[in-house]
Each structure stands twice: as structure tokens, then as C-alpha cells.
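Here the structure is laid out as C-alpha cells; the discussion comes afterwards.
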Amino acid sequence: QSVLTQPASVSAAPGQKVTISCSGSSSNIGNNYVSWYQKVPGSAPRLLIYDNNYRPSGIPDRISGSKSGTSATLAITGLQTGDEADYYCATWDTGLSVLIFGGGTKLTVL
Amino acid sequence: EVQVVESGGGLASPGGSLRLSCVASGFSFNAYSVNWVRQAPGKGLEWVSSISSRRSYIYYADSVKGRFTMSTDSAQNSLYLQMNSLRAEDTGIYYCARGQGGIARDGTADIHFDYWGQGTLVTVSS
């Protein structure tokens, strides 16, 4: 069980909005930056968000990130079937001196 | 074009060893951290180890500390993971990733992984 807690699954219809939460503590999310990754089976992970809310080049603006206190959130609007994947938050844990991933959230586009 | 390509995976017996390699291209190798992340079958992503830019620091997950050793060869733009005393739970796909950011003097970290390889499969079984 990860130190960062994510819902196991979320779902929404095409065109709708979904949010994925990532809950941690002061030793990780509370004092460090959060990144988000998309993982499609058979493919390498892809960076979606870094430093809480920045998108790398090529990531559409319908994908956004935010952080408040010891929690972070990934939001995807205008859902597409191609968004079906597993999503992971990640951050450094200052107390443990390790990088931690959340347990992952499976997104289903109904 | 930035690329990282892993190799060296395969079948190993419990208690055995494997050495993974990752060759980087398209960027200044020593200017970025380089990292290993794995995914066991049916499980989530798990960070394994990182070596900082300028190669000042190496970090390991508790699950591999004392068994795995990370090293680099700047002349070859290569990263290695020597894996000893392998266990069944080490089975999975191992990804090499370029890292951005680091740990500031106040302890705040902004580490993230922007380029990933396709992974190499490690299977530990008798």
C-alpha cells in the first residue's frame, strides 16, 4: 500500500470531466512538488504534469494539475476514449529520502 | 531527439544476479538525473533508484537497498543497475527514465521523469 493514496478507479462518459485525487502528508506532498504520469498497458509511462501544475510540451490543456496542502488533483476535461489508462501521482518524501508513486488510478471512459 | 534504451533483462534464478543497462542519447548525460522505475505484473509503478545530476548522490528504495547498485559511465552515456540476491518480487518491467529537477537546499524536491525507455523485462523464477 502506497504512502500516496489514490482512488483505485474512476469513470466518466466521453466529453465529460474527471478528477483523480492523490493524498499524502507533510513529509511528501505537503513540502514537495507533485508530478503525474499516464501508463497505458504495453507502453512506457508518460509525464503529464510536473511541479504540481505545469504541462510538458505536447500535453493538451484539457489536462491540468493542482495542489492544496497535502493533496494533489489531476483533472481531465473533454474525455476521450484514448484517455483510458492508469494514472499515477508521484513526489519525493523528505523524511524517507525516497521517491514515491501513488497506487495508481484506472480511468475508464464509458 | 532524447532517447533512453534499456537492455539486459531476462530470466534469473532466486538469489541470482542480472545487470541492466540504459543508453542515453540526445541530451547532455551528466546534466540530468537518471533513474530506474519498475512495474511488477498487475501492479503499479515503483521507484527503484536515482542518481543525481553531476552524480553527487544515489538513492535507493528500501526494497532494493543493499542488493541493487546503480552506476554510470559518462563516456558511454550509460546507466547500469547491478541486481544481486534477486527475489521473485523483483520480477517486472524495468524502465530507465531521465529526471528533471532535484532537491533544493531547503529540502524541497521537484523531481520528475520526462523521458522514459520502453523497458526491459526481468523474471526471477526457478
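Lettering follows sequence order; numbering is per chain, from 1. Atoms considered below: every heavy atom in the structure, side chains included; atoms not considered: hydrogens, waters and symmetry mates.
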#### Entry: Pairwise side-chain contact, A:Tyr50 with B:Asp114, heavy-atom cut-off 4.5 Å (strictly under)
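Not touching, per the 4.5 Å side-chain cut-off.
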### Message
Could you tell me if the side chain of B:Leu45 sits less than 4.5 Å from the side chain of A:Pro45, heavy atoms only?
### Response
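Yes, close enough: below the 4.5 Å cut-off.
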### Value rounded to 0.5 Å, distance of CG in A:Asn32 from CD1 in B:Ile103
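If we round to the nearest 0.5 Å, A:Asn32:CG and B:Ile103:CD1 are 8.0 Å apart.
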### Task
Please determine, among A:Ile100, A:Val34, A:Val98, A:Thr94, the option with the most heavy-atom pairs under 4.5 Å with chain B.
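Maximum pair count with chain B is reached by A:Val98.
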### Task
Return the minimal non-hydrogen interatomic distance between B:Tyr95 and A:Ala44, and the atom names on each side.
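That would be CE2-CA, 4.0 Å.
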### Atom of A:Ser35, atom of B:Ile111 and distance for their closest heavy-atom approach
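For A:Ser35 and B:Ile111, the tightest heavy-atom pair comes out as OG-O, 4.1 Å.
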### Message
Is A:Ser43 close to chain B through its backbone or its side chain, or both, or neither, when contacts mean heavy atoms under 4.5 Å?
### Response
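A:Ser43 touches chain B through backbone heavy atoms alone.
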### Proximity breakdown for A:Asp86 and chain B, heavy-atom pairs closer than 4.5 Å
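Neither part.
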Between [X] and [Y], is there shared hydrophobic-cluster membership here, with clusters defined by ILVMFWY side-chain heavy atoms closer than 4.5 Å?
X        : Y       : value
B:Trp36  : B:Tyr59 : no
A:Ile63  : A:Ile20 : yes
B:Val48  : A:Leu47 : no
B:Leu79  : B:Ile93 : no
B:Tyr115 : B:Phe27 : yes

### Query
Of the listed residues (B:Ser49, B:Ala61, B:Gly44, B:Gly101), which shares the most heavy-atom pairs with chain A below a 4.5 Å separation?
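Maximum pair count with chain A is reached by B:Gly44.
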#### Entry: Main-chain N/O of B:Phe113 paired with A:Tyr37 side-chain donor or acceptor, under 3.5 Å
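Between the backbone of B:Phe113 and the side chain of A:Tyr37 there is a qualifying donor-acceptor contact (under 3.5 Å).
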### Query
Which atoms of B:Gln39 come close to chain A, meaning under 4.5 Å heavy atom to heavy atom: side chain ones, backbone ones, both, or neither?
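Only the side chain of B:Gln39 comes within 4.5 Å of chain A.
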### Message
For the CZ atom on B:Arg54, are there more than 12 heavy atoms of other groups (residues, nucleotides or ligands in this structure) within a distance under 6.0 Å?
### Response
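Open.
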### Query
In terms of heavy-atom contacts, does OH of A:Tyr33 have more than 12 from other residues, nucleotides or ligands at under 6.0 Å?
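No.
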#### Entry: Residue pair B:His112, A:Tyr54: steps toward the side-chain contact (heavy atoms from CB on, under 4.5 Å) verdict
CA-CA 11 Å; B:His112 55 279; A:Tyr54 289 87; over 6 Å; no
